[in-house]
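Since the structure comes first, as C-alpha cells, the remarks are kept for the end.
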There are 2 protein chains.
Amino acid sequence: MQRRTEHLPRIRDVAKAAGVSTATVSRALTVPDKLRHDTKARVLDAVRRLGYTPNAAARNLRVGTSKMVLVVIPGRGAPPFFSEVLHGIDTELSADGYTMIMGTLDGSPEKARRVVDLVFARHLDGVLVTSGHVPTIDGRSIADASVPLVSICAEIDAPGVPAVLVDDEACAVAQADHLIGLGHRRLMYVAGPKGNYNEVARYRGFLAAIARAGLARKDVCRHQGDYLFAGGVAAGRRFLAMREQPTGIVCCNDEMAIGFMKTVAQAGVRIPADVSVVGFDGIELADFCEPTLTTIRQPRFDLGATAARLLVDALGRRGAPAPQRIVLAGELIVRDSTAPPPKSA
Amino acid sequence: MQRRTEHLPRIRDVAKAAGVSTATVSRALTVPDKLRHDTKARVLDAVRRLGYTPNAAARNLRVGTSKMVLVVIPGRGAPPFFSEVLHGIDTELSADGYTMIMGTLDGSPEKARRVVDLVFARHLDGVLVTSGHVPTIDGRSIADASVPLVSICAEIDAPGVPAVLVDDEACAVAQADHLIGLGHRRLMYVAGPKGNYNEVARYRGFLAAIARAGLARKDVCRHQGDYLFAGGVAAGRRFLAMREQPTGIVCCNDEMAIGFMKTVAQAGVRIPADVSVVGFDGIELADFCEPTLTTIRQPRFDLGATAARLLVDALGRRGAPAPQRIVLAGELIVRDSTAPPPKSA
DNA sequence: ACATCCGTTGCAATCGATTACATAAGTGCA
DNA sequence: TGCACTTATGTAATCGATTGCAACGGATGT
C-alpha cells in the first residue's frame with residue numbers, strides 16, 4: 001500500500017475546513033458562478049489556506065480528459081529544425097491550458113511502443129505528428145485510437161487528419177531553379193532518409209525542375225542522405241572523390257548542407273567559387289555558418305502554432321478536427337553559398 | 001456526461017473475454033509470474049485480441065504514480081544549449097519507462113503557475129530543474145511539494161536537492177586565463193541575466209582571474225547581457241561605440257558570443273586579429289560560425305543523463321534522492337576566435 | 001395558506017484500475 | 001485419510017474528484 005508521506009490535502013479536507021460538501025468545493029473551483037458569494041469565499045479561502053490543488057489523476061479519470069497533448073518528433077533530442085516548431089506549439093497550447101509531452105522517435109521499437117501506449121492509455125487528449133512519422137508497433141498505429149490528430153510538415157494517410165505544411169515540391173523547384181538560373185548544369189541532390197514524406201516531395205520537385213530545364217540524366221546524381229550532419233559529410237566525401245564534380249548541390253535540408261560545406265571546404269574547395277550549395281529549412285545555423293547558406297526558409301514557428309491551434313480548437317469542440325490542409329509559404333533566401341559556376345565548367 | 005464514442009476496451013471487457021476476474025487480468029499484466037501458465041496465456045491472448053491498454057488515469061489514481069517526469073527549462077522553445085541536455089535526459093528516462101514533460105518558463109506568471117500546479121496536482125513523479133529556475137508562484141514553490149527534485153547546471157537552495165553541474169567558476173577562470181595568457185590586458189565581460197546562478201558563478205571566476213593577473217579595474221568592463229543572441233548584438237554595438245576598445249571579450253555563453261562576433265564583423269572588425277572572443281557552453285553553432293568560437297565545452301548530454309539517472313534511481317527506491325553534488329568536467333576548446341592582441345594595443 | 005419555482009447545496013454513484021483479504025484448489029507429509 | 005501449508009484466483013474496497021439527482025429553503029403568485 002502506498003504511504004502518504006506528506007498529507008497533501010484532498011478535496012474532503014477542504015470541504016471539512018470550509019464546512020461544506022466535497023461537491024461544493026469542486027463547484028467552487030470549476031463553476032464558481034453557481035455558488036452563493038459567501039459560500040464561494042469560504043471555500044476558496046480554505047483552498048488557499050490548505051494549499052489545495054485537485055489531484056490530476058482523479059480528475060482525469062472522472063472527466064475523461066487530461067489536458068495533455070503529445071508531440072511526436074523524429075530523431076534524438078530536439079533537432080534544430082524542430083526547436084522553433086516546438087516553440088510555436090508550446091505557445092498555442094499554453095494559451096489554452098494544455099501541457100505538452102514530447103515523444104521522440106529514434107527508430108527503436110521501445111520508443112514507438114511507449115508512444116503508442118500513451119495514446120491508447122488515454123493519457124492524451126490529442127497528438128501532433130511531425131514529418132509523417134506515425135508511431136506504429138505490432139500493427140497498432142496511433143491513428144487507430146480515436147484521439148484527434150494533426151499532422152505537421154506532412155500529410156499522413158490516415159483519413160481525415162488535418163495537415164499544416166509548406167509546399168515541399170514547389171520549394172524544391174525553387175531550390176533547383178535558383179542554381180539552374182545561375183547557370184549550373186551539373187547538379188547533385190543530397191536526399192533525406194528513404195521514403196520520408198518531405199524527401200519524396202522534394203525530390204519530385206527537383207526532378208521536375210531539371211526536366212523542365214532539359215538537363216541530361218547523366219549530369220545529375222542523387223546521394224542518399226539522412227537529414228543529419230553526418231549525411232552531409234558523407235556526401236562531401238563522395239563529391240571529393242568524383243571525377244567530374246557537379247557545380248551545384250541541392251540539399252534536402254540545412255544540416256546536411258552545412259556538413260557538406262564544412263567537409264569540402266576543409267579539402268580546399270571554395271564555396272561558392274567552385275561549387276554552390278543550397279539548403280532547405282532555414283534553421284538558425286544557416287545564417288551563421290561560413291559561408292552563409294542559401295536555403296528555403298520554412299515558417300517554423302507558424303507551422304507549429306497553426307497546427308496546435310487546429311488541434312486545440314478541435315478539442316474544445318470535443319470533436320474530430322475538421323479535415324483540412326493548410327499550406328504555408330516557404331521562401332527562398334539567397335545568401336553567400338550560391339553563385340554562378342566556375343568558367344571552366 | 002462524457003460519451004464513449006468508441007468503446008475502447010476496459011479491464012472488465014478483457015476479464016469477460018478471458019473468463020477470469022479483473023484482478024487476474026491486472027495481475028497478468030503486472031506480475032505475470034504469479035499466474036498459472038494457461039491462465040496467463042488466455043488473458044494475454046484476450047488482451048491482444050481486444051487491443052487493451054490500461055487506462056493511465058485510473059492506474060495513476062490507484063497507485064499514486066504517473067511515470068512522468070517534468071523538465072523545467074528557462075526560455076522559449078528549446079534553446080540550443082538544452083537540446084543535448086534534453087537528449088541525455090530523454091535517453092535515461094526512456095530506458096526506465098518514464099515519459100518526459102517539458103515545462104518552459106518565459107517569465108510569465110501563467111507559465112509558472114501551470115508548472116507549479118502540475119507538481120501539486122501529483123501529476124508527476126519527479127522534476128528536473130535546470131539553471132536554478134525553480135518555478136514559484138504566489139509563494140508556492142515546486143520545492144515545497146514532496147516531489148523528488150534534481151537540479152541540473154545549478155545548485156538550488158532547497159535543502160537536500162542533488163545537483164549535477166560543471167564548475168562554472170573554474171571554467172570561467174579558464175576562459176579569462178586563456179585571453180590573459182595570450183597577452184590581453186583590456187577585457188570586456190558579457191554577462192548573463194542578473195542573478196542567474198551560472199552568471200553569478202562565472203562572473204566570480206572572471207573577477208578572480210583578473211585579480212590574480214593584476215589587471216586594473218579600469219581595464220575591465222562588464223556588459224549586462226541576457227544569454228540571447230540579442231544580448232550579444234547589444235554588446236557588440238556598445239563595443240563599437242567605445243573610445244578605448246577592449247581586445248578580449250569573455251562571454252557568459254555562446255549565443256551572445258556569436259551575436260557579438262556577427263555584429264562587430266559587419267562593422268569591419270576582424271576576429272581574432274583585432275579582438276578575441278571566447279564563449280561558454282559549446283553548442284554546435286560554435287563550431288560552425290565564422291570564425292569558429294573558442295569556448296568552454298560542457299558535457300551537455302551527460303549533464304542531462306546523469307541527472308535523469310539520479311532521479312530515476314531515487315524514484316525506484318521510492319525515497320528522496322540522496323543529496324549529492326556531481327561535478328562534471330568542462331573543457332576549454334581553443335578555436336579560431338582567439339589570438340594575441342594587436343601590437344598597437 | 002398553499003402550490004410552484006428557482007437557486008443552492010448535499011448525497012452518492014461513477015470513472016477504471018490495483019490490491020488486501022478471503023477462499024478455493026492443490027501439494028506434501030505423517 | 002487428514003492436516004498444514006502453499007499457490008492461484010475471486011471479491012470488494014479503494015484511490016480522489018466530478019456530477020446527476022434529490023432535497024431544502026425562500027420567494028413569488030394566486
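Just so it is clear, the structure is predicted and the values come from calculations on it, not from any experiment. Here is the naming used below: chain letters follow the sequence lines, and residue numbers restart at 1 for every chain.
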Please tell me if Ser26(A) has a side-chain N or O lying less than 4.0 Å from either OP1 or OP2 of dA17(D). no
Are Ile152(B) and Val129(B) packed together at the side-chain level, in the sense that at least one heavy-atom pair is separated by less than 4.5 angstrom? no
Does a nitrogen or oxygen in the side chain of Arg59(B) sit under 4.0 Å from OP1 or OP2 of dT18(C)? yes
Taking only Lys NZ, Arg NE, NH1 and NH2, and the carboxylate oxygens of Asp or Glu, determine whether Arg114(A) and Asp117(A) approach each other closer than 4.0 Å. no
Over how many whole Å does the gap from Arg36(A) atom CZ to dA27(D) atom P extend? 11 Å
d(CG, Asp117(A); P, dA17(C)) in whole Å: 13 Å
Counting just side-chain N and O atoms, does Arg10(B) come under 4.0 Å of either OP1 or OP2 of dG16(C)? yes
Determine yes or no for a side-chain-to-main-chain donor-acceptor pair under 3.5 angstrom, with Lys67(A) supplying the side chain and Asp96(A) the backbone. yes
For the side chain of Arg62(B) and the base of dG16(D), is some donor closer than 3.5 Å to an acceptor across the two? no
Polar side-chain contact Arg27(B)-dG10(D) base: donor and acceptor under 3.5 Å: yes
NZ of Lys40(A) versus P of dT9(C): gap in Å, rounded? 11 Å
Mind checking if Val20(A) touches a base, just sugar-phosphate, or nothing, with heavy atoms under 4.0 Å? sugar-phosphate
Quickly work out the Lys16(A) NZ to dG16(D) C1' distance and round it to whole Å. 14 Å
Nearest non-hydrogen partners of Val69(A) and Leu124(A), listed with the distance: C-CD2, 4.3 Å
Measure the distance from CZ on Arg12(B) to P on dA17(C) and round it to the nearest whole Å. 8 Å
Within this structure, what is the CG-to-P distance between Asn55(A) and dT18(D), rounded to whole angstrom? 10 Å
Any Thr39(A) side-chain nitrogen or oxygen under 4.0 Å from OP1 or OP2 of dT8(C): no
Axial cation check for Phe120(A) ring with Arg140(A), 6.0 Å and 45° limits: yes
Comparing Ala58(B) and Asp38(B) on DNA chain D - which has the more 5′ nearest nucleotide: Asp38(B)
For a quick test of reading the model: is some side-chain N or O of Tyr52(A) closer than 4.0 Å to OP1 or OP2 of dG16(D)? no
Quick one: is dT9(C) close enough that its OP1 or OP2 comes under 4.0 Å of any side-chain N or O from Thr24(A)? no
Among the nucleotides dA12(C), dT18(C), dG16(C), whichever has the atom closest to the side chain of Thr22(B) is dT18(C)
Report the distance from atom CG of Asn60(A) to atom P of dT14(C), rounded to the nearest whole Å. 21 Å
Whole angstrom value for the distance that separates P of dC11(C) from CD1 of Ile11(A): 14 Å
